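Note that the coordinates shown come from a computational prediction; the quantities given were computed from them, not determined experimentally.
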Amino acid sequence: MRLRALLDTEALGLRLLGGEDELDRTVRGVMTTDLRDPSRYLSGGELVLTGLAWRRDASDSEPFVRILAGAGVAGLAAGEAELGDIPADLVEACLQHRLPLFAVHETVAFATITEHVVRQVSGERAGDLAAVVDRHRRLMTSGPAGGGPEVVLDLLTSDLDLRAWVLSPTGRQIAGAGAPLPGALGAALAGRHLAATRTGRRGPHRAAVAGTTYSLFPIRNTGRGAVPAARDVRESVLSDWLLAVEADASDWPAARLDLLQGVTQLIAVERDRRDAARTVRRRLAQEVLELVQAGAAPAEIAARLRVAAPVLLPGLGAAPQWQVVVARVDWTATDTPGPGGVPGDIAGGPAAQALLEEILVDPAVSGPDSADRIAVAHTGEEAIALVPLPAVPAPLPDTVGGPTDTAAGAAETAAAPEGGEPAAAQDPALHADALLAAVREPLSAGLADDGRLTLGVSAAVHSAEGLRGALEEARHARRVAAARPGRVCAAGHHELASHVLLLPFVPDDVRRAFTARLLDPLRDYDRRHRAELIETLEAFLDCDGSWTRCAARLHLHVNTLRYRVGRIEQLTGRDLSRLEDKLDFFLALRMS
């Protein structure tokens with residue numbers, strides 16, 4: 001705002017005593033002082049308010065005004081309450097230094113002037129920032145804009161004095177202005193945001209952490225070309241970014257809230273663009289996964305891996321090793337009718353894919369590009385990650401049909417030799433517990449009472465021949481995790497009694513005899529009665545013997561499921577409540 005505007009506001013009751021030619025100066029703030037030398041608190045552009053308590057005699061005025069003029073203040077407003085009329089020596093000093101001088105009537109409080117100036121200046125800054133945000137949005141809609149989210153966050157800090165950070169659903173910092181947000185604080189804010197989102201409340205959400213209040217804005221593109229909104233909040237709650245602002249937005253005017261919503265839209269466009277950039281890596285992972293699951297020749301898989309390696313590990317001289325990570329998000333049935341009322345209505349695969357891409361990023365690394373070496377595909381309800389690792393110093397022994405244990409043994413060494421590097425620094429392999437340590441709290445809040453995340457990690461392999469065994473190992477580890485209590489669970493290859501590694505070496509005649517003894521009675525019954533006993537058995541084991549989850553997956557009443565399981569037990573003479581019989585059925589299905 002301009003100094004001239006202050007004279008046009010009758011409520012302020014200001015009277016100009018000198019400096020009429022300088023009234024077009026810009027006012028950037030306001031400061032009240034009675035110090036003889038306030039220079040340390042001045043940055044330029046302020047309207048200085050003073051009650052003249054610093055003045056003892058006429059000789060004090062010129063030094064005081066000289067200090068203000070040297071600091072570049074916009075003007076001086078002196079109160080009449082202390083001395084009555086403004087001293088002539090002060091008027092003369094202001095004329096000498098070309099500093100505009102106003103008299104403040106004794107009935108007008110300095111607080112009234114301060115509030116008016118701050119309101120006007122903030123409004124103008126918000127308007128300028130809104131124009132910048134709108135212009136930046138148009139640029140990003142038509143093509144890539146330089147700077148990414150950091151540019152607009154810097155504007156929030158410089159023009160509105162708001163500290164803000166863009167966070168992933170696990171609390172990892174994607175972008176920020178100024179000092180980085182501590183990891184524990186980011187996780188806590190993400191957890192509050194996810195919990196509030198699950199209740200159905202609209203943002204921004206208010207969160208107080210460690211005595212500081214934050215406002216949490218969801219980041220989702222609702223403009224032209226945006227992905228349609230999820231039918232059920234659970235489809236997107238674990239993948240959306242959020243904007244955390246260090247302020248309480250509950251009493252903000254509508255204009256400022258609209259401005260922040262514009263900022264979230266701007267960041268959402270960038271988020272969509274970065275997601276689109278993952279398409280190549282996802283396609284590579286999908287192609288390799290399809291080859292592995294189809295039992296393609298190792299040479300064919302190896303050729304596809306050679307194509308993937310330069311994309312996932314640019315500049316790496318040594319051939320990488322690989323680990324497989326499998327994740328699954330399951331939602332229990334609810335009593336609420338409508339979309340999302342049963343787990344089958346929620347697309348778990350894409351959600352697990354986005355979540356696994358986030359989990360595999362090192363939580364100590366900030367920025368949106370740190371996931372560029374992660375390839376995740378999804379098939380059905382599973383997300384499957386093909387994670388490249390730099391070669392370890394000691395070569396791993398060759399394997400056929402399964403992962404090696406050498407990396408596994410190194411991965412299990414928690415302590416370093418005396419005077420040596422920590423084990424984590426020596427071994428690049430992923431560890432199940434470590435993957436979830438930093439994200440368990442926020443994800444548990446997002447999963448609430450009706451969701452579960454289970455994750456399994458294979459050992460590292462260094463050849464295409466080992467990928468099929470690694471995939472089965474990771475899947476089995478995930479099932480081990482699913483049998484544990486808790487909303488977020490993981491298991492690693494070291495926790496398995498690895499029958500997966502043994503299956504390829506079982507002779508064909510033994511394999512056929514074993515599966516025929518257990519499964520042929522069920523297949524014969526299904527052919528005659530179309531009872532779907534084999535499908536029921538697979539689902540029952542995959543749901544870890546949970547009657548409610550299995551019934552929901554098969555869209556059956558629980559009593560119908562109990563009848564089918566009873567028929568399976570009758571035909572085979574086995575008891576599906578016994579672990580040994582469950583394991584036999586599981587192996588038979590795997591080998592069939």
Side-chain angles (χ1 to χ4, degrees), residues 278-313 316 318-328 349-350 352-353 356-357 360 373-389 391 395-408 429-430 456-479 493 496 498-512 515 538 542 586-592:
R278 292 182 175 181
T279 303
V280 173
R281 297 190 302 278
R282 287 176 171 178
R283 186 169 64 246
L284 286 172
Q286 195 73 42
E287 290 174 354
V288 174
L289 176 63
E290 289 172 358
L291 290 174
V292 170
Q293 293 190 125
E300 186 178 357
I301 299 173
R304 195 60 54 92
L305 287 177
R306 284 194 294 272
V307 174
V311 176
L312 300 177
L313 287 174
L316 186 68
Q321 299 177 73
W322 305 89
Q323 276 185 283
V324 176
V325 182
V326 174
R328 179 172 176 138
Q353 181 181 40
L356 188 52
E357 286 172 335
L360 291 174
R373 295 182 175 182
I374 296 168
V376 184
H378 76 83
T379 173
E381 297 299 306
E382 284 183 336
I384 302 171
L386 186 65
V387 183
L389 301 172
L396 296 175
D398 217 330
T399 56
V400 179
T404 68
D405 320 316
T406 306
L430 301 174
V457 181
S458 79
V461 297
H462 76 292
S463 69
E465 296 167 320
L467 280 178
R468 186 174 184 183
L471 175 59
E472 292 302 321
E473 190 175 56
R475 281 175 165 164
H476 189 46
R478 191 206 64 78
R479 293 189 186 94
H493 58 90
L496 307 181
S498 253
H499 68 272
V500 173
L501 300 179
L502 302 177
L503 292 184
F505 302 100
V506 177
D508 287 344
D509 55 343
V510 175
R511 186 192 301 249
R512 283 192 296 269
T515 57
E538 290 176 335
D542 198 42
F586 175 80
L587 291 172
L589 289 168
R590 284 290 172 195
M591 291 190 294
S592 64

(Q) Using 0.5 Å steps for rounding, measure from the CZ atom of Arg478 to the CD atom of Glu382. (A) 6.0 Å

Q.
Let me confirm one number: the NE2-CD distance from His493 to Gln323, rounded to the nearest 0.5 Å.
A. 6.5 Å

For residues [X] and [Y], report the shortest heavy-atom separation together with the two atoms involved.
{"X": "Leu360", "Y": "Val387", "answer": "CD1-CG2, 3.8 Å"}
{"X": "Thr515", "Y": "Ala588", "answer": "CG2-O, 3.3 Å"}
{"X": "Ser458", "Y": "Ala470", "answer": "CB-O, 3.3 Å"}
{"X": "Glu538", "Y": "Leu589", "answer": "CG-CD1, 3.7 Å"}
{"X": "Ala352", "Y": "Ala327", "answer": "CB-O, 4.1 Å"}

Q: May I ask you to test the Asp542-Arg328 pair for a side-chain heavy-atom distance under 4.5 Å?
A: yes

Q) Would you say the side chain of Leu356 lies within less than 4.5 Å of the side chain of Ile384, judging by non-hydrogen atoms? A) no

Q) So, the side chain of Gln353 versus the backbone of Val376: is there a donor-acceptor pair under 3.5 Å, distance only? A) yes

Side-chain donor-acceptor contacts of residues 283-303 below 3.5 Å, not counting sequence neighbours, with atom names and distances?
{"residue": "Glu287", "atom": "OE1", "partner": "Arg304", "partner atom": "NH1", "Å": "3.1"}
{"residue": "Gln293", "atom": "OE1", "partner": "Arg475", "partner atom": "NH1", "Å": "3.3"}
{"residue": "Gln293", "atom": "OE1", "partner": "Arg475", "partner atom": "NH2", "Å": "2.6"}

